[in-house]
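Everything on this sheet refers to the single structure shown next.
The first residue of the sequence shown is numbered 1, and numbering continues consecutively from there.
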Amino acid sequence: MGVINDFTYQHPIKTILETGGLKNRLADEVKALGTDRILLVTDPGVLNAGLLNDAEAALKNAGITYKIFSGVEPNPRTESCYKGYEMAQGIEAGAVVAVGGGSPIDVSKAIALLMTNGGDLESYEGPEKYKNAPLPTICVPTTAGTGSETTAMTVITVKSRNYKMTILGKSMLPNVALLDPSIFSKMPPFIAASTGMDALTHAIESYINRAANPFTNSFAVEAIRLIGKYLRHFVGQPADLEAATGMLVASNLAGIAFNISRLGDCHAMAHPLGGFFDVPHGVANSVLLPITMDFNLLADHGKYKIIAELLGEDVSRMTDLEAAPYAVEAVKKLSKDVGIPENLVAYGVTEDKIPQMSKDAMLSGNIAVNPRVTKLADIENMYRLALK
């Protein structure tokens with residue numbers, strides 16, 4: 001399995017798993033932060049599905065003043081963050097609550113940062129570039145995939161550059177992650193599929209990369225096991241509480257893992273696809289994951305065999321080398337079963353943007369921890385494979 005890397009582990013987020021928790025626990029958790037004025041960040045889909053109705057009633061009954069900012073798009077842009085910031089200023093919010101997938105959660109973190117630091121979001125790109133800790137945040141994920149409710153970073157698109165920047169810092173960790181499987185009943189199957197594959201990508205990349213350690217391995221392995229067990233059924237029936245709970249926990253565990261050890265080539269390449277072509281993040285990862293796993297086969301130290309076993313492949317009588325390709329095939333099979341396209345052509349991705357996307361991907365810190373040393377030409381080649 002290789003040597004044990006040096007590591008530092010800290011996970012101070014209060015995590016609550018409770019069916020009905022959005023209705024029953026949100027108001028109490030807001031008050032525990034010492035405020036009664038919040039900005040509630042979501043997206044049009046969550047709002048129109050009525051998922052906030054019970055939460056709003058509970059907030060009103062508790063005497064908590066709130067405004068809803070629902071202007072969050074996929075691959076959220078800086079402009080949306082500034083609009084939410086203005087709304088938060090208008091009510092003098094003391095905390096920010098996100099109810100949604102990765103996009104609303106990322107925007108909530110950016111708004112919380114702007115509330116205490118002001119200025120230009122782009123000036124905070126990178127690690128620990130801001131001065132003051134953000135406002136407290138509570139994150140309620142409505143997809144089982146991004147793990148953003150447990151990470152110390154936000155990814156925001158700068159449309160003028162077609163670039164997805166990452167802002168990160170220890171104080172950007174949410175204060176509370178509220179996991180409520182009961183809110184998944186109206187999730188469209190394709191969203192369940194793409195976000196679930198995003199969670200699998202988080203788990204696999206954090207498990208096989210060069211910064212992995214015993215803590216991240218344990219989180220990632222359990223996440224892979226749960227996804228292998230539940231994702232197909234979850235896509236077929238998101239309202240099934242056992243499947244929803246399994247996927248929520250898997251997503252959260254994978255988020256903890258990659259928050260510590262980072263990811264790899266797949267995520268480095270997925271972000272430019274969102275910046276240039278607005279490819280949904282989960283779809284980009286789903287298509288790229290088997291391609292990057294195949295590229296990384298040369299650097300495997302036996303973890304691919306474990307991945308294959310966790311995803312249901314019988315490789316017990318094989319050597320590590322023999323079993324490794326079965327991990328790649330298991331990922332392909334799972335992605336196909338849940339309805340993810342095999343390539344990116346349907347999303348309008350064109351080969352002419354590959355040189356610039358590749359340069360942007362090489363700027364990612366995830367490249368540095370990828371299992372196999374990666375050069376610009378390797379990234380360009382893998383992008384081309386994603387178009388076949």
Side-chain angles (χ1 to χ4, degrees), residues 73-77 101-103 105-106 143 145-148 151 153-159 161-166 168 190-191 193-209 251 254-255 257-259 261-296 328 331-332 334-335 340-351 353-372 374 376 378-387:
E73 68 274 64
N75 298 308
R77 303 176 182 180
S103 295
I105 293 176
D106 277 350
T143 62
T146 68
S148 300
T151 65
M153 64 191 75
T154 181
V155 180
I156 303 295
T157 299
V158 183
K159 197 57 187 174
R161 294 190 281 150
N162 293 317
Y163 178 71
K164 294 183 79 168
M165 67 174 178
T166 301
L168 63 157
F190 189 73
I191 299 299
S194 61
T195 55
M197 288 300 296
D198 188 21
L200 180 64
T201 307
H202 294 154
I204 289 177
E205 287 207 289
S206 63
Y207 180 49
I208 66 175
N209 73 25
S251 175
F258 87 79
N259 187 59
S261 67
R262 289 177 285 173
L263 294 158
D265 284 356
C266 184
H267 266 78
M269 295 172 65
H271 285 159
L273 286 168
F276 277 86
F277 296 102
D278 273 333
V279 178
H281 185 62
V283 173
N285 280 326
S286 300
V287 173
L288 291 169
L289 180 58
I291 294 171
T292 57
M293 286 181 69
D294 191 61
F295 173 76
N296 286 321
V328 182
V331 170
K332 288 182 181 179
L334 179 56
S335 183
I340 302 295
E342 294 183 2
N343 59 52
L344 297 170
V345 175
Y347 288 87
V349 179
T350 53
E351 191 167 346
K353 294 295 190 295
I354 286 178
Q356 186 57 55
M357 289 196 301
S358 300
K359 291 176 183 177
D360 288 350
M362 289 297 293
L363 297 174
S364 170
N366 291 315
I367 296 287
V369 297
N370 189 69
R372 182 177 173 182
T374 306
L376 180 64
D378 298 320
I379 298 293
E380 291 177 342
N381 183 56
M382 286 189 281
Y383 272 133
R384 292 189 181 97
L385 290 173
L387 294 178

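A donor-acceptor pair is defined here as one N or O able to donate and one able to accept, closer than 3.5 Å; such a pair exists between the side chain of T146 and the backbone of S148. Side-chain N or O atoms of N296 include one that pairs as donor or acceptor with a backbone N or O of T292 at under 3.5 Å. Panel note: side chain S335, backbone K332; no donor-acceptor pair is recorded below 3.5 Å. A distance-only check finds no donor-acceptor pair linking the side chain of S261 to the backbone of F258 [under 3.5 Å]. A donor-acceptor pair under 3.5 Å is absent between the side-chain atoms of T143 and the main chain of G101, judged by distance alone.
Of the N and O atoms on the side chains of N209 and N370, not one donor lies less than 3.5 Å from an acceptor on the other residue. Side-chain atoms of D265 and T374 include a donor-acceptor pair closer than 3.5 Å. Checking H271 against D360 by side-chain atom types alone, no donor-acceptor pair falls below 3.5 Å.
With a 6.0 Å radius and a threshold of 12 heavy atoms from other residues, nucleotides or ligands, E342 has its CD atom at or below the threshold. Within a 6.0 Å radius of NZ in K159, more than 12 heavy atoms belonging to other residues, nucleotides or ligands are found.
Ion pairing of D278 with R77 is present here, as a side-chain N (NZ or NE/NH1/NH2) and a carboxylate O approach within less than 4.0 Å.
The minimum heavy-atom distance between L344 and A284, with the atom names listed, is CD2-CA, 4.4 Å. The heavy-atom pair separating S286 from I340 by the smallest distance is CB-CG2, 3.4 Å.
Among the candidates I367, L288, N366, the single residue satisfying the side chain to side chain contact (heavy atoms under 4.5 Å, CB included) test with M269 is L288.
When side chains are defined from C-beta on, M197 does not count as touching N285, because their heavy atoms never get closer than 4.5 Å.
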Step-by-step side chain to side chain contact (heavy atoms under 4.5 Å, CB included) determination, V331 to I204: CA-CA 10 Å; V331 170; I204 289 177; 3.9 Å; yes

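Using the six-membered ring where Trp is involved, H281 and H202 have ring planes that are tilted, between 30° and 60° apart.
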